[in-house]
Each structure stands twice: as C-alpha cells, then as structure tokens.
Amino acid sequence: MQKHHPLSNDDPRVIRMDRGGYTTCNVILKGASIISWRIEEEEQLFFSRLSHLDDYDKYRGGITIVFPHFQEWSFGRNHGFGRDVIWSVRNGPRTDHYGDVHLELILKSNCFTKSNWNYDFELILKIILKERSLELQLVVINPSKNETLNFQIALHYHLKVKNCNKVSVNGLKNLQYIDRVDSSVDLPFKTINTDSFDLALPIDMVVYNSGKEFQYVSKLDDKIIHFTKNNLPDLSIWTAGYLINIPNQLDDDEWTGFVGTDIGNFKVYLPPQSTWSASQVIEIKRENKTRGIFKNFIDYFDDIC
Ligand SMILES: O=P(O)(O)OC[C@H]1O[C@@H](O)[C@H](O)[C@@H](O)[C@@H]1O
C-alpha cells in the first residue's frame, strides 16, 4: 500500500494557528477537524499516515466532532454527520493580548444535514491555542420556534502516545460505565472501583456523569494528559485493539500509537430558541517541563514527523 502524509502545511485546506515557539494547531474545514496540535514542536495528536480526507472510511486521527448522535445511528453513519461535512470559518485565526490564538468555526443546518436529521441548528466550535493547552468550546443554537433539539455531542480525540498499553487513567473512581468489549451480556452498567486503571487490554467503555476533571498518564512519554470540562459529563475511552471498523485506516505500526477518547454530553434537550454551551481544556503536563529523553536521533524525529 502506498504510504503518504495526507496534508502538508502548505495545503490550502489547512488553517494554521501559530502561537510562536513552534506551538501550532492545524485545522481543516471538513468536520472542523483538528489534525495536528504541537507544543514546542512535539505532536500531541495521532493522525494516521493512511488517512484520505476525501474518504471517511480511510480517515483516522486528530480531534473530530460527534454530532448529533454518539455511536451507531440508524439515520446515518457512526457518530453522526458533524465530522464529515464542510464547516465555515466564523472568526479568526486571531491572536489575543496573551498571545493565545483563537479560531471559530460554524456549521449551519443545510439540505444534507436535514436529509439525515430534519432539524434547524447552528453548531459552533471555538478553538483557543494556549501555551501548553487547547481550549475547545461548543455552542449549539436552536433557532426553531417550536421544536426541541434532542442530540448527543462530543469531541472525538486520538491522543498520540508511544504505546497505549502503557497508559493509565485517573479520576473516574466510583463512576458507572458500559463495557462495549464485553458483548456477552446485555450491556449492563459496571462500576469503576479503582483510582487508576491501565489500558493494558483492548478497551471500549462509555462512562456517565463524570466530574470536572480526569487524566491519562502515559509512562513512556513521561506526560500527563489532563482534561478539565464543563457541561460535558459523559466520556468514552477506547483503544484500537479490538475495533472492527478500523483495518483500512491504520498502518501496521500504528495500532498502539494512540488513545481514543470522547468527551461529551450524551443527552441534551435544547428547547426552542435557546442556546447550549460547554467547554473543555486539554493540558499536557510534564514532571520536568523539558521534553522526554530521546534514545537516539530517530526517536527525536518520531515525535515530530
Ligand atoms: O471508528 P469511529 O466511528 O471513529 O469510532 C471509534 C470509536 O469511537 C468510540 O466513541 C466508541 O466507543 C467506539 O466503539 C468506536 O469504535
């Protein structure tokens, strides 16, 4: 199979947010997808080298939008149409007086979205690139005079790690979840009973009613990926290991190179003529603020390319 990198910085489809100091974000209008986020040059998102942006069956990585439905959907494809359609720029990119870079994208209902889901809406994604974090705000407007919008929404992350089997999750103790790997039973709720658990095995879990924070600890990367969230109580945690719909999207060496997570709200009722909003901040923390120690020259470029 021919290998290529799907997009370069010069590609006209890429909107580049540049904070200086080699801290950047690359965004495309297809699905308002964030396909790269670098802090001081170091890539934080996984984006498969097999991805073809024109073909959603071969598109794997970055941060994409789940809207208006999470998981399998009888009216359209998995996770809804939000990540497939072309969005517009509402504002930016612009730099504020702290040096942070802002970009706002918008999706308005149109005949294609209505053919899947017959409602009027406006969906806005605000991206703020900060020194070591990314703030993502979601806004949904219901312009209808009489119809309530009933939807599910999330940001669908592919977080780059050296090996997902060496990652643990903290901050979800006592919460209920559905184990989607264990299909032997009728998906009953289970309870997370430890402060921290490893992603050593293929995993696909949906956790409900979580608090404002949780984090991943990637031991091999020597980093903590910390989430703070507001009005986004639900989340999923998954790795590629067991996914059946993924084979054409990952190269041989990419299966363990990311942790998947969705941060969202899986039950929103938005009355006519009202607005819903939520936000999340993803921050990369290191014990010692410098980058990890590289075994050799090739290791160094592995993080950059
Ligand atoms: O392949 P997709 O549509 O991007 O979905 C990836 C994963 O997304 C997660 O949200 C689901 O819990 C998984 O079951 C799913 O496989």
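These numbers come from a predicted model, not from an experiment. Numbering of ligands and ligand atoms starts at 1, following listing order.
- Residue contact annotation: Ser236 has a non-hydrogen atom under 4.0 Å from ligand 1.
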Donor-acceptor pairs under 3.5 Å, side chain of residues 94-104 to any protein atom, not counting sequence neighbours: which ones?
unit_1, atom_1, unit_2, atom_2, d
Asp96, OD1, Tyr98, N, 2.8
Asp96, OD1, Gly99, N, 3.1
Asp96, OD1, Asp100, N, 3.0
Asp96, OD2, His102, NE2, 2.9
Asp100, OD1, Arg19, NE, 3.0
Asp100, OD1, Arg19, NH2, 2.8
Glu104, OE1, Arg90, NH1, 2.6

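- Ion pairing of Arg38 with Glu43 is present here, as a side-chain N (NZ or NE/NH1/NH2) and a carboxylate O approach within less than 4.0 Å.
- The aromatic rings of Tyr208 and Phe266 lie perpendicular to each other, with more than 60° between the two planes, well past the 30° mark.
- Of all atoms in ligand 1, numbered sequentially from 1 with element shown, those under 4.0 Å from a heavy atom of Phe70 are 10 (O).
- Using a 4.0 Å cut-off between heavy atoms, Arg83 contacts ligand 1 through its side chain alone, with no backbone atom that close.
- At least one N or O atom of Arg180, backbone or side chain, sits closer than 3.5 Å to an N or O atom of ligand 1.
- Between Phe67 and Phe121, the distance separating the two ring centers is shorter than 6.0 angstrom.
- Counting atoms of ligand 1 from 1 in the listed order, those under 4.0 Å from a heavy atom of Asp262 are 9 (C), 10 (O).
- Using a cutoff of 4.0 Å between basic side-chain nitrogens and carboxylate oxygens, Arg286 and Asp221 are not scored as salt-bridged.
- Under the side-chain hydrogen bond (donor to acceptor under 3.5 Å, both in side chains) criterion, Asn170 pairs with Ser196, sequence neighbours left out.
- Using a 4.0 Å cutoff on heavy atoms, His156 counts as a contact of ligand 1.
- Taking a cut-off of under 4.0 Å to the non-hydrogen atoms of Asn78, the atoms of ligand 1 that pass are 2 (P), 3 (O), 5 (O).
- Look at Met205 and you'll find every heavy atom at least 4.0 Å from all atoms of ligand 1.
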